[in-house]
Amino acid sequence: MMIVLSFVARLAWWLLLAPLLPGIINKVKAWVAGRRGPPVLQLYYDLARLWRKQVVMSTLASPAFIVGPAVAWAAVLGATLLVPLGPAAGATLSFRGDVVLMLYLLALARFATTWAAMETGSAFEGMGAAREVTYAVLAEAAMIAAMLTLAVQTGSVSLATMLAPSVGTSAVLLAAGLFTVLLVENCRVPFDDPATHLELTMIHEVMVLDHSGPPFAAILHGASMKLLLFAVLVTQSVLPMGTYSRTMASIVLLVGVLIVTVGVGIVESFMARFAFRRVPLLLTTSVLLCVFALLVAWQGAA
Amino acid sequence: MRDLNLLIGLAMGLNLVALGSSRLPSIIRATALQGVLLGIMPLLLEHDFGWQVVAVAVATAIGKGVVIPGLLQRAMRAAHIEREVEPFIGFVPSLLLGAFGTIAALAVARSLPLLPEHAKSLLVPGALASMLTGFVLLIGRVKAISQVCGYLIFENGIYLFGLLLIGSTPLLVEAGVLLDLTVGIFVIGIIVDRIQRAFDSLDTRKLTVLRE
Amino acid sequence: MIAGPLLTLSFSALVLAALAGRRWPRTWLALTVAGSGVALAAALLVLFGTTDWEWRGTVAFGGELPHLRLDGLSAIFLALVGVLGGAGAVYAHEYWSDASHPTSAPRGRAWWSVLVLSMMLVLTIANGLHFLLAWESFAIAAFFLITLDSGARAVRSAGWLYLAASHAGTLALFAFFALLAERTGSWDLGPMRAQAGLQPLFWLAMLGFGVKAGLFPLHVWLPSAHANAPTHVSAIMSGAAIKMGVYGLVRFSGWLPVPVSAAWVLVIVGSLSALLGIAFAFAQGDLKRLLAYCSVENVGIILVGVGGALLAVADGDSPWGRLVLAGALFHVWNHGLFKGLLFFGAGSVLHATGTREMSRLGGLWRRLPWTAASFAIGCLAVAGLPPLNGFVSEWLVYLGLFDAVTSHGATAWAAIFAALMLGSAGALALASFVKAGSMVFLGAPRGRAAAQAHEAGRAMRGAMLLLAALCVGLGLAPTLVWRALARGVAAWHPAWTVAPVPGALQAIGGTQLALAMLLPAVGWFAWRKMHGRTARRALTWDCGFAAPTARMQYSSASFAGIASGWFRWILRPRLTLRRPRGLMPTRAFRLERIPETMLDLVIVPIGGLIMQTASGARRLQHGSLQAYILYVVAGLVALGAMVLGAGIR
C-alpha cells in the first residue's frame, strides 16, 4: 500500500509539478522586464486546451509523426522515475548503472522527437532537428563527465546514492557545467530562444512546428518534465542533500528547483541568444567545466 | 595552502577565459584579474609580513592589474578594434589546447621531483599552464593587442615559477622584471598607436610586408 | 560431445553448397542455410553447455596435424557467422538472383559458401599454419564477392584496394605466426600467457588483425569496399567479416601475454575510431558508405571493451574488466545483427530505386513499409537506445568504465577518456541514424526513382524481419545472453570463470521488458486516439510559402552541416560552389563531398613515396647488356673486397 502511495505521489510530482516551471520562468522574465506577464499556470491551460483540439497531420507524415511524441513523452517519464527525490525518498527504480539508462532514455526521447520532426519534410523542421541532435553531441560528453564526477565523489554508480556530492570547488564547477547543459538540453537562451518568432533561428520550437493537438501537448509536457528533471538533477548534484533531515531535504530540494528555474529566467532576461557560430564555444566550455570538476573531485578523492 | 591553490585555480580558469573569448576587452580584463590574483599570492606565501612584501604585492597588483591593462585599453581604443577576427587558431581549438595543456601540466607536475612542501601545491602546474596559454595566444592570434596579453600571461607563468623560490630569491628581482615589462608595454602601446595611424590596421599578418 | 558431428555436418553442407551453387540455386540455398544453421546450433551448444569441443587429426595436412577447437570465445563469433551466413543467403537468393544478374549470380553463390566456410574455419582452427590458409581463402572469397559486379570501375578499384590492404595485414600475420612458431617451437595455438618473451609479438597481431577489423587509421579499404560490394556481401562483410579481425585481437590478447602499453593503445585507438568513424559516417551522403563508416565506430566500441579488459587484468584482475569484456562480446553480436539489418534495408532501397545517394531518396515509407519499419528498428538499435540490444552492450561497457573510474587506479584515466569519447560518439550515432532514416524514408520523394519504388519480395523481407526480431529479442533477454557471454569471458581469461548474472543486469532486463511493452503501448494508444477520430491531413506548413517542392526539404549535407564543420580539420570536405548571380538567377548550387581523407591524404602520398623510390631503383634495369656486365663485375669486385677485408682483419 505504501509503495503504491509513494509511487502515485512521485508520479504526481513529476507529472503535475513540471508544467509549473515554464510558467515561473516566464513570470520572472516578465517581472524583470516590468510587465505583468502570463499567469504562472498558463502551461496548464494550454495543455488542457490542446488536449481537446483536433489533430492536423502533414500529408507526408507516417504514423510515427503521432507515435514519436508519445514515445518521447513516455521515455522522459521513464527517465524521471530513475531520478531520486531527495536522499530519503529515493527513486522508484534504482540499480547499479541506472545513470546510463537515464541518459539513454533521454536520448531515446531525442530520437523520437527528431524522427517525428523529420516526418513532415519541412526544411525548418530539418534545421531544428539537425541542431538538436548536433548540440547533443557535446552536451552528452558534458553529462558523462558530470556523472563521472559524482561517481568519483561518492564511489557509487547508482543515481540514488551518487547524488550525495561533496561541497567545494568541484561542486561549483559542476554546478556551472550542469546548468549550462540544462540550458542546452532544454533549448533555452543562450542556445535557443523559445520566445522568438523567427523560425530560422529556433531549435526546439521549430522542430515541433507542424505538431498540433494532443501530440503537441505531449511534446510540451515532456519538455517541461525534462526541465524539471534537469533542475532536480542540478540541485542534487551540487547541494549535500544527505546531510539534511528528511523534511529539510524536501524543502531544500523544492527551493533548489525554484532557484534553478528562476536562474533560467534571469539568464533569459539578461542574455541574448548566441549567434550559432558561437554556440560550440559555450558547449565546449560546459564540457570543460564538467571535466575540470571531475579532475578536482579526483584530486580530492585520491 | 588551500587558499593559494584556490587562487592559482582561478588564475588557471582565467587562462581558459582568455583563450576562449573573442572580444579584446574581455581578454584584457582576464589578464588584469590574473595579475591581481598573482599580486595577492606572496601575501599568502609569506608568513611574516614585512613592509617589503606588502609593498611588492601592492605594486604587482597595481602594475599587472591596473597600469598595464589600462595602457592596453587605451591602445585598443586608439586603434578602434574590439574583436579578434579570424585567428590562426580558432577559439574552440585554442580552448581545447589550453584545457589539454592544463591537464597535461597537472600530470607532468606530479612526476617532477619537487620539494615535499610544493608537492600538493598547484604552483608548478599553474605556471606551466599559464606559459602554454601565453604561447597559444602569441601563436594563434592575429591582433597585436591579444598577442601582448599572451605575453603578459606568459610572464605570469614565470612569476608563478618565481613564487616557488620566494624564500631564496628576493622579490626585488621580480619587481625589476615587472618594471621592465611595464616599460615594454608602454613602448608597445605607443608603437601600436603609431602603426595604427600609419597603416590603418593592427593586423600582424600585414606587418610581414615590412620585412624588407 | 555432439558439437563435433554438427560441425562436420555444417562444413560438408557448405562444401556441397559451394559445388552446387553454380547450377542449382535452390539446392544451394537449402544447403547454405542448413550449414549455417547447424553451425549456429553447435555454437549455441558450446555456449550454453559447460564443455569446449576439441579435435586433433592424425593425418598431416601441409606438414602439420589438424587441430580444431570450439570454445566459448570462438563460439560467440561462430554463432554470428551462422546467423548472417544463413540470413544473407536467403536475402541474396532474391537480391542477386539469376534473373537479374545472369553472369555473376552463380559465381556469387559459390563464393558465398566459400566465404562462410572459411570464416568458420578461421574461428575453429587452432594451428598457425592452417589458420593462415583459412585466413587467406577467406580474404580471397571476400575479394571475389566484392567484385561480383565487375563491370563497374568503382567496384573494381574498391576490390583492388581491399585486396591490397588485406594482404598488407596478412603480411603482418605471416610474420606474427612464423615468429610465434619459431619462439614456441610449434605451430599449435593455445594459451601461452606464461611465456613473457612473446609480449612484443602482440603488436604484430594488432597490426594484422587491426587492418581487417577496420581500426581507424587502418580502415581505408573499408568504406569503398562495403559501399561498392553487392549489398548482401556488404552485410556479411560489415556484420561478420570485420569481426574476424576482432576475433583475432580478442583471441590472441587472451592467449598471448600482452604488454600494458598495447592495452592503452587499444583503448585510445578504439575511442578515437568510435568518434572519428561516426563523424565520417554522419557527413556521408551515400547510404552504404554511411553504414560502412559506422562499422568503424562500432569496432572502436568493441576494442575499447577489449583494451579495457586487458587493463583490468594488468590492474590485478579488477572485476570491472569482466563487464567491459562481456559488453564488447555482446556488441560483436549486436553490431553484426543490426548492421546486417541496416545493410539489408539499404539493399532493399537500392534494389527499389537504383541509387544510394540519400539526397535523391525520401518518402519511401509509403512504398516500402516493411523495409522502413525494419530499418527504423535497426536505427534505434545502432544508436544504442533502449529497449533494443545495442543499449545493453553499450550499457555493460559504460558500467565497466564507470566502475574503473571509481576504482581510482591509473587505468581510470583511460576509462575517463574512453567514456567521454563513447558519449560523444553515441550522440553522433543517434544523429547519423536520424539522418539516414529520415532522408531515405521520410518526407517527400526527392526524385522519380524514389517516387516509383517498390517493396522487396518475400525472401528479402524475411531476412530483414529475422534480424529485426533478433535485435529486439536479444535486447529483452540480457540475462539469458549473459550465460553465453560469461562462457566467452571465461575462455578469454580463466580467472574470470563463469560468473553469476550481475544483479544490475537483471534490473536492466526487467526495465527493457517493461519499456518494450510500455513504449509501443503508448504509441499505439496515441495513434488510435488521434488518428481514428480526429486527424485531418494538410500540407506541411512552410511559413505560408504557396508552392513547396520536394527539393526544398532539408538535405543530407545540410543536416550534417554543423557537425561536419566541427570535424572539418579531418573530414576536409571538398566544396563546389556556384553562387547565384544577377537578377533572377537561374543556376546556382553548392556541392559538398567528403573525400576518403585518410586514404587520399595519408596512405596515397606514402604509397607515392614508395613508388618513387622503387622507380628510382628501377632505372638500374634498362636492358643494356654492357651495363649488366658492368654490374656483375662491380658486384664481384665488391665481394672480393669484402672477403679480403674480412681476411685481413
Side-chain angles (χ1 to χ4, degrees), chain A residues 54-60 62-63 66-67 69-71 74-75 78 93 95-97 100-101 104-105 107-108 110-111 114-115 118-124 126-127 129-131 133-134 136-138 140-141 143-145 148 151-152 155-157 199 209-210 213-215 218 280 294 301-302, chain C residues 362-363 365 380 383-386 391 395 398-399 402-403 405-406 408 416 419-420 423-424 426-428 430-431 434 437-438 442-444 503-504 507-508 511 515 518-519 522-523 525-527 529-531 534-543 550 552-554 558-563 566:
Chain A
Q54 194 194 15
V55 184
V56 183
M57 257 176 95
S58 164
T59 43
L60 299 171
S62 79
I66 305 268
V67 174
V71 168
L93 182 63
F95 52 89
R96 266 165 54 73
V100 180
L101 179 63
Y104 272 77
L105 278 172
L108 174 63
R110 194 187 314 131
F111 187 96
T114 43
W115 186 279
M118 297 305 288
E119 288 276 352
T120 58
S122 155
F124 287 126
M127 258 174 231
R131 287 168 190 159
V133 293
T134 312
V137 173
L138 288 172
E140 192 83 3
M143 274 308 274
I144 296 265
L148 283 174
V152 166
S156 151
V157 287
E199 287 88 346
L209 205 58
D210 263 271
L294 175 56
Chain C
W365 72 268
L380 282 166
L385 297 175
F391 171 69
W395 177 83
Y398 270 119
L399 186 61
F402 267 71
D403 277 355
V405 174
T406 50
H408 229 84
I416 291 176
L420 289 177
S424 299
L428 266 175
L430 187 146
V434 168
S438 62
L442 305 184
I508 275 287
T511 42
L515 284 170
L518 178 75
L519 294 176
V522 169
F525 169 78
W527 176 244
K529 174 165 168 50
M530 305 314 148
H531 194 71
T534 52
R536 187 162 67 82
R537 292 276 184 174
L539 269 188
T540 296
W541 166 246
D542 251 342
C543 288
M552 287 166 55
Q553 296 175 91
Y554 222 45
S558 10
F559 196 87
I562 310 173
W566 294 352

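Side-chain atoms are counted along with the backbone in the values below, which use heavy atoms only and exclude waters and symmetry mates. Given the structure is predicted, the values throughout are model-derived calculations rather than measurements.
- For A:Val137, the parts lying under 4.5 angstrom from a heavy atom of chain C are both the backbone and the side chain.
- The candidate with the highest count of non-hydrogen atom pairs below 4.5 Å against chain C, out of A:Arg110, A:Met127, A:Glu140, is A:Met127.
- A donor-acceptor distance shorter than 3.5 angstrom exists from the side chain of C:Thr540 to the backbone of A:Thr120, with no hydrogens or angles considered.
- No other option in C:Ala431, C:Gly503, C:Ala550 has as many heavy-atom pairs under 4.5 Å with chain A as C:Ala431.
- Options A:Ala151, A:Gly78, A:Ala136 differ in how many heavy-atom pairs under 4.5 Å they form with chain C, and the most are formed by A:Ala151.
- No other option in A:Arg131, A:Met143, A:Met118 has as many heavy-atom pairs under 4.5 Å with chain C as A:Met118.
- Both the backbone and the side chain of A:Ala129 come within less than 4.5 Å of a heavy atom in chain C.
- The CZ atom of A:Arg96 lies 4.0 Å from the CG atom of C:Asp403; values are rounded to the nearest 0.5 Å.
- C:Trp395 and A:Gly97 make their closest contact through NE1-O, 2.9 Å (heavy atoms, listed as atom of the first residue, atom of the second, distance).
- Contact count versus chain C (heavy atoms, under 4.5 Å) is highest, among A:Leu294, A:Leu93, A:Val67, for A:Val67.
- Top candidate by heavy-atom pairs under 4.5 Å with chain A, chosen from C:Leu515, C:Ile508, C:Val434, is C:Val434.
- Taking chain C as the reference chain and counting heavy-atom pairs below 4.5 Å, the highest number among A:Ser156, A:Ala75, A:Ala141 is found for A:Ala141.
- Nearest approach of C:Ala419 to A:Leu148, heavy atoms of both residues: CB-CD1, 4.0 Å.
- A:Pro215 and A:Val55 make their closest contact through CD-CG2, 4.0 Å (heavy atoms, listed as atom of the first residue, atom of the second, distance).
- The contact between C:Phe391 and chain A is made entirely by side chain atoms (from C-beta outward), counting heavy-atom distances below 4.5 Å.
- Looking at residues two or more places apart in sequence or on another chain, you find no side chain to side chain donor-acceptor pair (under 3.5 Å) involving C:Thr511.
- Rounding to the nearest 0.5 angstrom, the gap separating the OG1 atom in A:Thr134 from the CG atom in C:Leu428 is 8.0 Å.
- In this structure, C:Phe402 and C:Tyr398 have perpendicular ring planes: the angle between them is above 60°, well past the 30° mark.
- Interface summary for chain A: among C:Ala538, C:Ala383, C:Gly437, the most heavy-atom pairs under 4.5 angstrom belong to C:Ala538.
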